[in-house]
2 protein chains.
Amino acid sequence: MATVHQEESIALLKAHGLSVTGGRKDILVIFLSRKGALAHADIEKKLGARYDRVTIYRTLQSFVDKGLIHSIPTNDNSIRYALCKDECASGHHHDHHVHFVCKRCDNTYCLDSVATPSIKLPKGYSINQVEMVVSGQCPSCQ
Amino acid sequence: MATVHQEESIALLKAHGLSVTGGRKDILVIFLSRKGALAHADIEKKLGARYDRVTIYRTLQSFVDKGLIHSIPTNDNSIRYALCKDECASGHHHDHHVHFVCKRCDNTYCLDSVATPSIKLPKGYSINQVEMVVSGQCPSCQ
DNA sequence: GTTGTCTTGCAACCATGTTGCTTTTTTGTA
DNA sequence: TACAAAAAAGCAACATGGTTGCAAGACAAC
């Protein structure tokens, strides 16, 4: 399992034009082996003291820049990231997204399969992007 | 105009069971005289050095607790607040909200008039609350 | 292998937010 | 109006989240 993610992460890095380094592999493996979204702090915890805090920030930033992951709006003051699905990675716009935050386990899931419904705004507003944050209880917490 | 907001803010504070103090009045007047959502930093800037930073934090927190304002999820890492409309204040749940962030002027508007469309999630998810963050250009920036 | 480029680690810094404690202001009541 | 209890403000210190500059190390391509 771990080996699979290891190889997958190397492939993903190369495919996105990023050099393959220990830190990037390890961080990407964490994303691959966990479905929920992650904040910087989560990653730092999982990695232990293996990498510098700054390295993790810069790695996440490079992943966002290259379209490997995307950031999720939250109500608290920390940025969360989730893996982009293939459609995102292959250059599609991030013009809509549905995220689910479980109030019990506090995990965040990126529901790519769910289409954002269309919405009518008052006159004068033009829409670029729609983000939906749904909260409630996830299947494992019912 | 300023006097009107002044009086309105006193009434609002009393109605929500908050003691009327200089800081709370001033902060509430800022919210009343500005339609967009505000972050702590915005308020601090508008107030000058009149109040301690901590006082502003605690004031905002008490407003949230009493249902005078609500926080808005953002993609950067700062919490924004907007005034609750009457319906919120009078005890209704904050179970849905549509916010609009203008990419040009960076203002955030709380579009109370817009209903959040219904959404179908995969099996097993139960919904408590839906937040929508729409970004694009606001009427004044078209 | 060697060279140039990209990444890492370190130190220092800034912004945002919180906590504990003391002093001051409000509020309700006598 | 004065007074006591309760609440809020100010101050200091701390915690967390995130950024920048620079030197040293790792990677990639030839």
Side-chain angles (χ1 to χ4, degrees), chain A residues 6-7 9-30 37-66 68-81 106 108, chain B residues 6-7 9-30 37-66 68-81 106 108:
Chain A
Q6 188 82 5
E7 282 168 22
S9 77
I10 295 174
L12 273 171
L13 289 172
K14 286 188 180 167
H16 286 82
L18 288 160
S19 6
V20 178
T21 69
R24 289 187 177 162
K25 264 189 300 181
D26 289 354
I27 293 177
L28 198 42
V29 165
I30 292 177
L38 295 161
H40 169 93
D42 301 320
I43 295 167
E44 202 171 348
K45 217 174 292 167
K46 278 185 196 292
L47 285 175
R50 241 181 308 162
Y51 302 101
D52 195 82
R53 227 160 48 86
V54 178
T55 300
I56 301 174
Y57 279 114
R58 287 203 261 232
T59 301
L60 290 172
Q61 195 51 58
S62 68
F63 285 3
V64 171
D65 290 344
K66 299 289 182 178
L68 255 165
I69 60 178
H70 60 271
S71 68
I72 300 176
T74 58
N75 250 324
D76 61 36
N77 62 318
S78 77
I79 306 176
R80 291 192 178 214
Y81 301 94
D106 204 43
T108 303
Chain B
Q6 188 81 5
E7 282 167 23
S9 76
I10 295 174
L12 273 172
L13 288 171
K14 287 187 179 164
H16 286 81
L18 288 160
S19 3
V20 178
T21 68
R24 289 188 176 164
K25 265 190 299 182
D26 288 354
I27 292 177
L28 198 42
V29 165
I30 292 178
L38 294 162
H40 169 94
D42 302 320
I43 295 166
E44 202 172 348
K45 216 175 290 168
K46 279 184 195 293
L47 285 175
R50 242 182 307 162
Y51 302 101
D52 194 82
R53 230 160 44 86
V54 178
T55 300
I56 302 174
Y57 280 113
R58 288 203 260 233
T59 302
L60 291 171
Q61 194 52 56
S62 68
F63 284 4
V64 171
D65 291 344
K66 300 289 182 178
L68 256 165
I69 60 177
H70 61 270
S71 67
I72 300 177
T74 58
N75 249 324
D76 59 38
N77 62 319
S78 77
I79 305 176
R80 291 192 178 216
Y81 301 94
D106 203 43
T108 303

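The figures here come from the full heavy-atom set of this structure, side chains too, leaving out hydrogens, waters and symmetry mates. Proteins get letters first, then strands, A, B, ... in listed order; numbering begins at 1 in each.
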Rounded off to whole Å, could you give me the [atom1]-to-[atom2] distance for the [X] and [N] pair?
{"X": "Ile56(A)", "N": "dG18(D)", "atom1": "CD1", "atom2": "P", "result": "12 Å"}
{"X": "Lys25(B)", "N": "dA8(D)", "atom1": "NZ", "atom2": "P", "result": "15 Å"}
{"X": "His16(B)", "N": "dA7(D)", "atom1": "NE2", "atom2": "C1'", "result": "18 Å"}
{"X": "Arg50(B)", "N": "dC11(D)", "atom1": "CZ", "atom2": "P", "result": "15 Å"}
{"X": "Ile79(B)", "N": "dA15(C)", "atom1": "CD1", "atom2": "C1'", "result": "13 Å"}
{"X": "Ile43(B)", "N": "dG17(C)", "atom1": "CD1", "atom2": "P", "result": "10 Å"}
{"X": "His40(A)", "N": "dT16(C)", "atom1": "NE2", "atom2": "P", "result": "18 Å"}
{"X": "Glu44(A)", "N": "dG9(C)", "atom1": "CD", "atom2": "P", "result": "12 Å"}

Step-by-step side chain to side chain contact (heavy atoms under 4.5 Å, CB included) determination, Ile79(B) to His40(B): CA-CA 7 Å; Ile79(B) 305 176; His40(B) 169 94; over 6 Å; no

For residues Leu13(B) and Leu68(B), determine if any side-chain heavy atom of one lies less than 4.5 Å from a side-chain heavy atom of the other. yes

For the pair Asp26(A) (side chain) and Gly23(A) (backbone), establish whether a donor and an acceptor sit closer than 3.5 Å, ignoring hydrogens and angles. no

Looking at Ser19(B), is its backbone amide N or carbonyl O close enough to the side chain of Arg24(B) to form a donor-acceptor pair, meaning the two atoms are under 3.5 Å apart? yes

So what does Arg58(A) hit on the nucleic acid, given a heavy-atom distance under 4.0 Å: a base, only sugar-phosphate, or nothing? base

Heavy atoms only, 4.0 Å cut-off, all strands: where does Ser62(A) land among base, sugar-phosphate and nothing? nothing

Relative to the 5' end of DNA chain D, which residue comes earlier, Asp52(B) or Ser19(A), by the nucleotide with the nearest heavy atom? Asp52(B)

When you measure from the side chain of Tyr51(B), which nucleotide among dG10(D), dA12(D), dG18(D) comes out closest? dG10(D)

Among the nucleotides dT18(C), dT27(C), dA9(D), which one has an atom lying closest to any side-chain atom of Thr21(B)? dA9(D)

Using heavy atoms to find the nearest nucleotide of DNA chain C for Val20(B) and Tyr57(B) separately, return the residue whose nucleotide is more 5′. Tyr57(B)

Under 3.5 Å donor-acceptor pair, Arg53(A) side-chain atoms to dG9(C) base atoms: no

Do Arg80(B) and Thr74(B) have a side chain donor and acceptor closer than 3.5 Å? no

